[in-house]
Structure formats: C-alpha cells, structure tokens
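Predicted model only: the values in this text are computed from it and were never measured.
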Amino acid sequence: MRKYLTIFLLLLATVVVGGAELLAHFRRSDGETPNVVLISIDTCRADRLSCYGYHRETTPNIDALAGEGVLFANVISPVANTLPAHCSMLTGTNPPYHGVHDNNNYRLPDSNVTLAEALRERGYVTGAFVSAFVLDSQFGLDQGFDTYNDDTEAGFRAAPVFNERSAEAVNRAASGWLEEHAADRFFLFLHYYDPHAPYEPPQPFASTFSNEPYSGEIAYVDHHIGQVVDKLKSMDLYDSTLIIITADHGEGLGDHSEDSHGFFIYHSTTKVPLIVKAPGRRKASTIDAPVALIDIVPTVLGHLGIPVSPGVHGEDLSPYLVGKTPPVKERHIYSESLVPTKYGCSPLFGLETAGQKYIESLRPELYDLISDPGETVNIVKEDPQRASVLRQRLRDLIVEQLRTQQGEAALALDNESIQQLESLGYVGGPVKETFQFETGNEDPKDFVQIFEKLMVVAGYFYSGEYDRVRRLCNEILAIRPDISTAHLYLGKVTPADRPREKAHHYSEALRLDPRLAEAHFALGNLRARQSRFDEAAWHFREAARLAAHLDEEDQNLRRALARIGKVDPMLFNAHFHLADTLKVQQKVDEAIAAYREALRLEPLSMAPEELGNIKAIGHFRLGDLLYMKGSYDEAIQSYQTGLRLRPDSVPARRALQRTQAAYAKETPP
Ligand SMILES: [Zn+2]
C-alpha cells in the first residue's frame, strides 16, 4: 500500500492548472463539485438483485439507493473476468484498446487513462480499496490512485493464491480514509469480492439464504454497502456524492453449462447491475436501453463537466441522471472471451445491437434478445443475412478499436510493442491474443464441460483435496484422453512414494503438450531423487528453456518481465535445480555456471525472505565449488555474499574461515 501524504489545503488551492477558471469549468451549475464513490461488486449477476426483479429480497440497501437514483436495466460488461473487466470499467474502453484480456498474465498499460487519473488531474483525492489478489497494484489498476489499498492478506480466507478479504475488512480500511478526507473532494473506489466462489456467506446471511449461498453473499455485500451509505450520511456527504454501484461480471450458475464465469459471453456472466445516484436526487427511474460497463467513465466525467478523452468507447449517460434523455444512438456493444484459446478453442467475440446478439466462434450464434433473453435458441441458420451483417460490424469494431492497428504504419509497430511489453506473464498458460475469426481447433461450446471440471480441479487442488482432484481428473480423461492438464494434476497429487506413477502422468502431460515447463521441472526432481542425474539435468534444462519463452510469442512476455527486472519463477527454479544436479554429478564448471545464472535472476512473486534464504544457499554452494577448484578469492566473495543474506549460517562461516586460511597460505604477505 502506498503511503498517502495528507493534503490539508482547500480544493481551490490544489487545483494548480488553471486555478479558479478550471474549477469553474467543471463545477456544476448548482455550485457543487460532487464527490464520487464507485462500488464494484465482483461476480454480481444483475438478475440476483431484488431491484432487478429477483424474487427474494437480496439487496434492500441497493434497492433503497435505486429508489433515489437511476437503474440501468440492461448493462453489458465487455469481458467476464475480473482484471480486464475492471480495466474497462475504469478506462471506459474495450479490451482490444486497453490491451488486458485475462487475469494475472496482464498489466494495464500506463498509456491508458483511468478515471482516477482524470479525476486526480482535476484536484480530486483518489483512494481505492480492493479485496482480491487479481486487482493487486502490480496489475496496473492503481494508476491515478493516491491511495491504493490492496492489502488482501489482512483478511484472506481462501488459499494464498486466491487472497481476498471480506466486505467488512474493506469497509474498516476505507472508513478511516473517508474520515481523513471528509473535507477533500474525493473519488473512492470500493471493490467487494465476496460473491465470487466459494459461496460462504457469514451469518445471518448463511441461514437466511441457506439453499442459495451465492445470493447470501450478495446480501452480505449489500449489508455493507448500506453501511457505506450510512457513513456518508452521518458525515453529511451523502447529498454531495455521486454514487455508482456496478459489477465487473456476473456468474453462470449453470446457465449454458457454465457454473462460474470467464469462458462464455452470455448474459448470465456479462449482464451486470448499474445504479447511479446523483447528488441531491430523490426520484427513481429505470432505463431499459442497452448500455455498457464502459459507459461509467464518460458518465461520471459528463456529470462533472469534465471533457472525455477521445479514446473512450463508452457513451455519456449523464443526461439520464438529471431527468433528460441523451440523443438516441444505435449501440453496438462489444464483448469477448479469449479464455477458450488457452485450450486450443476458438476465441469468442460478441456484438449486441437492436435487440439482437451475434457471437463469433467456429459455430456462430445469433439470438433475438427480445423473444429469447436467455440466449437459448440460436437463429443463425434462420437469419444468415443478419448474422453476416453483424459479423462484419463486429470485425469493423475490432479493427477500429484494436490499438495495434491504429494510426500510421510506422506507429503501429511501436504501439504493438508497447502493448505487448506491458502484458506481464508469470503463471500458467496465457491466452492467445488473437482477433482473427475462424481460428482454433474446437468450438468453446464443445469444451465447456471439460473447462468447468478443470476449474473445479484447480479449486480442489489449492484447498488440498487431492482425492477429489484424482477422481475429477480421471473423469476428464475418460471423456477426453488428450487433456494434458488432467495428467499434470494427477502427477501433482500422486504421492511421492509412487514415483513411477507420478512420472507416468508427467510424461503423459508432456507427450500431449511438450511446452509444459512445470512437467519437465517435476520430472527433473523425480529423476534426481532416483539418482538418474543425466535425465534430471536434461529435464531441468528443458524447463529452463521453456520458462525462458524462446518462441516468438513469448519473447514479448520475457521483455515485459525484463522491463521490471524479473523473471518467471520457473526459470529461476530450473536453473537452481540444474546447478544442484550438476554439483552432485561433480561437473564443477557447469555447476558453477548454472549457479551463477540462477543467482543472477530475480524471480517474480517470491517472498523476499524466502528468496534471500534460497539465494544464500546458492552462494554457499557456489563457494564450495569454487573452493574445490582452488579459486579461493572468488569462493570468499561467494561466502561473503551469502552471509550478508544469512549471517547466522555457522557452516558457511566455517567454510569462509577455511577458505580465507587457504587463500592466505597461497598468497603469503
Ligand atoms: Zn470478477
């Protein structure tokens, strides 16, 4: 978390550029410059809110806010994954423009302008309180925030890789910030993660919604949104604050065979709530016209009278907030999912317009959203002409918004390299960044069942439920024997005392997908334990080679990592284990080179203390090898470097003394 420097100056004094003139420009006619509170409820399907017609009262507090604001009934998120959707929410642009298409493997490029940046430039104090690791500041969403509180370990309840904190913890953190900035003009971004799986609402919501815990999580978040509203009221800020409630994406809940989100682009996962309560407003209204998540940025800026930057794709809906209707425009609302490309399937691209939705894939889909809001009857064969028109519009929209194809040819390459430099890969398979139609070996619709099982496998694996992992992987392989990931997980969960079975699964995984660095690494360790050192060394070399991303596509990832001076942790580990293997084999020179290579590397996402320990051991072992070679002066340096990291190591101190003595003997004064 960044330390925030408190500014006690009046807003007028903080607006340095243009001073009072500028302030007058964006001050509304009623003389108030509102605060802005944007609340994002992760994984919140619009139709589960009672104000969106759900049959149970899930959201009394949001309903009350909607009772004094504008409820947009049809709001589409361009992508059903947390990081890219939030990038769209906060930049007002679609993924082909902002460049983020998936979680974790991406970082929002600095060339994007976020709402926080636009508001900070106008003198707003900006603060964000996010509740899941996927929005950690390293992924770039912190741009423009004076305070970006991503302290998700403070209240995490799931496995460490899925760090998150509860709405209660978010409110606790944000409450102090609000009090600190009560006198400032502020933009507060709150992100609640609770409705995301696992669905485990605390009491009393667990009991009230015992048969539908997902709704219970939404009710739990609603309760805490009520607390935020109460807080604003108690601080006398409610009537001077623009409040926006929305979500990054929905949740499949079994619709279209999708339980969670991120794979398909149907409304179950792309339709989100959007409720906007303007300052001083007391009247409810509902807007049925289709709008988009990317409209939030231009709407907030429009309401504040701040010019919207030309790159923004969203529409300014702010006239609705003051009881007016903006000029009617035919909307073409974009959506995408590149996630299926991870499994060799074709990507999905959607275009929604005039009550119809077209989805591009190997088997294209067309839906009449008026008669078939559930998108269950594909009418592409009944209306091929309409499908073809929408397909062409979709293609045009992608070409227009894809930044790598914009501008002059000379700039195109530059833009492309910038975008790819910024995409930061560090775990798992990245999506294939393709915007070509008719690519991939399989239609995602034929793969969804396997995808769902794989998602569950990952969940069980991280919570240590290995029997369930085994059962599911065998189920997957019974249907699809070609799924390398199933073998990879089977390898991971097979106990160490069954090395042959373990090795079999890793080898099978590699046969199906020779790029699995992780399988090479695991096989290397197995072989080393069996004293088959030549094989072990070969596997570690392969793991290192693959982790170094030698193919053209991943060169860019390596450059992105190089920009921040880090490498894939697999690269570090593979070099380190290779060095250990070579040391055991007494291949002194090769081992020295491998340790030097490993120690040069700074792996991403490894705790500094843990890394320090490992590196110290590396320096000690390198010292031993150099001592064996008689390179005493270099050995002394290695021991000393290691001892700076781990001063308490007695054997290393002894080795250093021994080497210093040998050195002194060799070079008499
Ligand atoms: Zn999400």
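With no hydrogens or angles considered, no side-chain donor-acceptor pair links N112 and T91 at under 3.5 Å. A donor-acceptor contact closer than 3.5 angstrom is absent between the side chains of S166 and E168. With no hydrogens or angles considered, a side-chain donor-acceptor pair links D63 and T59 at under 3.5 Å. Side-chain atoms of S40 and T246 include no donor-acceptor pair closer than 3.5 Å. Side chains of S318 and D316: a donor on one and an acceptor on the other come within 3.5 Å.
Checking side-chain atoms of T269 against main-chain N and O of H261 turns up no donor-acceptor pair under 3.5 Å. Of the possible donor and acceptor atoms, one in the side chain of T58 sits under 3.5 Å from a partner among the backbone N and O of R48. Between the side chain of E212 and the main chain of F209, no donor-acceptor pair closer than 3.5 Å is present. Remark: side-chain polar atoms of T93 are not paired, donor with acceptor, to backbone N or O of H313 under 3.5 angstrom. In this structure, the side chain of D42 does not engage the main chain of A247 through any donor-acceptor pair within 3.5 Å. Panel note: side chain R165, backbone V130; a donor-acceptor pair is recorded below 3.5 Å. Checked by atom type and distance alone, the side chain of H86 pairs as donor or acceptor with a backbone atom of T82 at under 3.5 Å.
Aromatic rings from F187 and F145 are positioned such that their centres are separated by under 6.0 Å. F72 has its ring centre less than 6.0 Å from the ring centre of Y320. In this structure, the ring of F205 has its center less than 6.0 angstrom from the ring center of H223.
Of all heavy-atom pairs spanning P202 and Y220, the tightest one is CG-CE1, 3.5 Å. Minimum heavy-atom separation, P195 to E217: CA-CB, 3.6 Å. The nearest pair of heavy atoms linking L601 to K615 is O-NZ, 2.7 Å. The two atoms that bring L611 and P603 nearest to each other are CD1-CG, 3.6 Å, heavy atoms only. Residues V276 and L242 share a closest heavy-atom pair of CG1-CD1, 3.8 Å.
Aromatic ring pairs are classed by plane angle as parallel below 30°, tilted from 30° to 60° and perpendicular above 60°; the pair F263 and F451 is parallel. Classified by interplanar angle (parallel below 30°, tilted 30° to 60°, perpendicular above 60°), the ring pair H191/Y193 is tilted. Note: Y466 and F461 have parallel aromatic rings, judged against thresholds of 30 and 60 degrees for the angle between ring planes.
To the nearest 0.5 Å, atom CG of residue L293 and atom SG of residue C87 are 11.0 Å apart. Rounding to the nearest 0.5 Å places OH of Y54 at 8.5 Å from CD1 of I218. Here the straight-line distance linking atom CG of N81 with atom CG of N103 works out to 4.5 Å at 0.5 Å rounding. Note that CG of D255 is 11.5 Å distant from CZ of F264, once rounded to the nearest 0.5 Å. Residue I333 holds its CD1 atom at 11.0 Å from OG of S77, rounded to the nearest 0.5 Å. Residue Q401 holds its CD atom at 4.5 Å from CG of N94, rounded to the nearest 0.5 Å.
Heavy-atom neighbours of E179 CD from other residues, nucleotides or ligands within 6.0 Å: above the threshold of 12. Heavy atoms from other residues, nucleotides or ligands lying under 6.0 Å from CG of D648 number more than 12.
Side-chain atoms of P84 and E336, non-hydrogen and from C-beta on, never get closer than 4.5 Å to each other. D222 is not listed as a side-chain neighbour of I41, based on a closest heavy-atom distance of 4.5 Å or more.
For K233, there are no salt bridge (charged side-chain N to carboxylate O under 4.0 Å, His left out) partners, not counting sequence neighbours.
Remark: of the listed residues N74, V272, I76, I76 is the sole one forming a side-chain contact (heavy atoms from CB on, under 4.5 Å) with H267.
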